[in-house]
Q: 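Just dropping this structure here.
All residue numbers refer to positions in the sequence shown, counting from 1. Bear in mind the structure is a predicted one, so any value in this text is a computation, not a measurement.
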Amino acid sequence: MKRVFRKVFPLRKEPTPVPSLPENIEDIRQKALKGHHLEIVQWGQVLLDSVYVPKDPAGALEWFTIAAKAGFGPGHNMRGRCFQFGWGCDQDLTEAARCYEEAAKAGDEWGRYNLGILTMRGIGQPQDLPKALDLFRTAAQNGHAKSMNLYARFLEEGWVVPQDRAAALDWYRKSAEGGDYRGQHNFATALADAGKIDEALDWWRKAVVDATSDILLAMNQKLVLLGEKRDTALETRVQRRLQELGVPVPNSAAIRPA
């Protein structure tokens, strides 16, 4: 059956592999060529962005398409990523949403999360907050850390669901423990607001490693506002990361309380 997929969905001629691929990468490539669905997606991801082979987004999309046509959820999800960002194809947000929908139907939590983001923001389809809530809640209950953070946000703000800050805090905690830097920042913020500064600082120290510029900016502001309880070493780490990302570091004096 695995060979049939290769015959039905043939790839264009594959680029010459880079000599002396690391053993683990070559193993992925060989399994992909034999039709193993997980490795098909993994090899596509290698072609998207890897130091081991020349980047080939169009080739990656072909591999993802093979996995998707085999009914493999992560294949649908990665096809969606390609169409959302124009990797190896023209950007098509409607098609991206359709791919994520298929991924969600196949039980892929990343697909469910990505569909939730587009649905929440009205990208590639009409905005539908109740549907987004259901997607995030389902993925959160299935252990997806980023979805836990978004589900917590719905609960905290009372978006199309009764406001429940205690439940939101619990989901932020689960998201933080699951390794999501947004969940870690939001949980730290809630802890700081409750006066649990040492616990909050511990979570911000975890979040700073992978946080994007928007979270780093929010984190920097929260840290400055701690006043005497602030952690200057952590502030320095946050500001250094902002500089690495090319983001101007705000003037601390401008965000201090009067």
Side-chain angles (χ1 to χ4, degrees), residues 1-118 123-125 139 143-147 178-182 209-213 244-246:
M1 189 66 174
K2 292 174 182 174
R3 294 180 180 276
V4 172
F5 292 128
R6 190 65 190 278
K7 292 179 180 178
V8 175
F9 311 116
L11 288 168
R12 60 186 172 79
K13 186 175 180 181
E14 197 180 357
T16 303
V18 174
S20 66
L21 281 173
E23 184 177 350
N24 61 321
I25 302 299
E26 179 62 22
D27 184 58
I28 288 171
R29 190 178 76 90
Q30 290 300 326
K31 288 182 178 178
L33 290 169
K34 293 175 182 177
H36 294 264
H37 299 157
L38 175 60
E39 283 76 14
I40 285 173
V41 172
Q42 290 176 335
W43 180 241
Q45 290 171 322
V46 170
L47 292 175
L48 268 183
D49 188 15
S50 172
V51 299
Y52 301 117
V53 296
K55 292 183 181 181
D56 184 5
L61 177 57
E62 291 184 10
W63 282 102
F64 298 145
T65 299
I66 291 174
K69 288 184 176 180
F72 190 52
H76 286 295
N77 178 62
M78 289 307 302
R79 283 193 87 241
R81 299 288 285 174
C82 288
F83 283 106
Q84 183 176 353
F85 298 105
W87 298 337
C89 59
D90 292 331
Q91 186 182 50
D92 186 337
L93 297 175
T94 300
E95 179 64 13
R98 191 196 68 77
C99 291
Y100 292 145
E101 187 88 52
E102 291 300 318
K105 288 178 182 177
D108 182 68
E109 304 308 334
W110 274 108
R112 211 184 308 274
Y113 167 79
N114 288 325
L115 179 61
I117 293 292
L118 297 193
I123 298 174
Q125 59 187 317
H144 190 259
K146 285 190 173 295
S147 295
D180 178 48
Y181 63 84
R182 292 183 184 273
V209 177
D210 297 313
T212 48
S213 59
E244 290 169 356
L245 295 171

Q: Is the closest side-chain heavy-atom distance between L21 and V53 below 4.5 Å?
A: yes
Q: Are W110 and M78 side-chain neighbours, meaning at least one heavy-atom pair lies under 4.5 Å?
A: no
Q: Decide yes or no for N77 and Y100: does some side-chain heavy atom of the first lie under 4.5 Å from some side-chain heavy atom of the second?
A: yes
Q: So which atom in A68 and which in R79 form the shortest heavy-atom distance, rounded to 0.1 Å?
A: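 Where A68 meets R79 most closely, the heavy atoms are CB-CD, 3.6 Å.
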Q: With a 4.5 Å cut-off on side-chain heavy atoms, are F83 and D90 touching?
A: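 Counting from C-beta outward, D90 and F83 never come under 4.5 Å.
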Q: According to side-chain contact (heavy atoms from CB on, under 4.5 Å), who are the partners of L245, at least two apart in sequence or on a separate chain?
A: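 Partners of L245 by the side-chain contact (heavy atoms from CB on, under 4.5 Å) criterion, ordered by chain and then number, come out as S213, L216, R241, V247.
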Q: Identify the two heavy atoms, one from L47 and one from G59, that lie closest to each other, and give their separation to 0.1 Å.
A: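 For L47 and G59, the tightest heavy-atom pair comes out as CD1-C, 4.1 Å.
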Q: May I have all residue pairs that pass salt bridge (charged side-chain N to carboxylate O under 4.0 Å, His left out) and include part of residues 96-105, sequence neighbours excluded?
A: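 Output for this query lists E95-R98, E101-K131, E102-K105.
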Q: For W87, check ring pair (Phe, Tyr, Trp, His ring centres under 6.0 Å) against everything at least two apart and list the hits.
A: F85
Q: State, yes or no, whether a side-chain contact exists between L38 and K31 at a heavy-atom distance under 4.5 Å.
A: no
Q: For residues F72 and D108, determine if any side-chain heavy atom of one lies less than 4.5 Å from a side-chain heavy atom of the other.
A: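 Counting from C-beta outward, F72 and D108 never come under 4.5 Å.
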Q: What residues, two or more places apart in sequence or in another chain, satisfy side-chain contact (heavy atoms from CB on, under 4.5 Å) together with T212?
A: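 Counting only residues at least two positions away or on another chain, T212 forms a side-chain contact (heavy atoms from CB on, under 4.5 Å) with Y181, R182, D214, I215.
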Q: Quick check: closest heavy atoms across A97 and G124, and the distance to 0.1 Å?
A: CB-O, 4.1 Å
Q: Is there side-chain contact between R81 and F64, with at least one heavy-atom pair below 4.5 Å?
A: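 R81 vs F64: side chains apart.
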Q: Which salt bridge (charged side-chain N to carboxylate O under 4.0 Å, His left out) pairs, counting each pair once, include a residue from residues 39-55, with sequence neighbours left out?
A: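 Every pair satisfying salt bridge (charged side-chain N to carboxylate O under 4.0 Å, His left out) with a residue in residues 39-55: D49-K55.
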Q: Could you work out, with side-chain contact (heavy atoms from CB on, under 4.5 Å) as the rule, every residue matching A139, not counting sequence neighbours?
A: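 Once residues adjacent in sequence are excluded, the partners of A139 under the side-chain contact (heavy atoms from CB on, under 4.5 Å) criterion are E109, R112, H144, S147.
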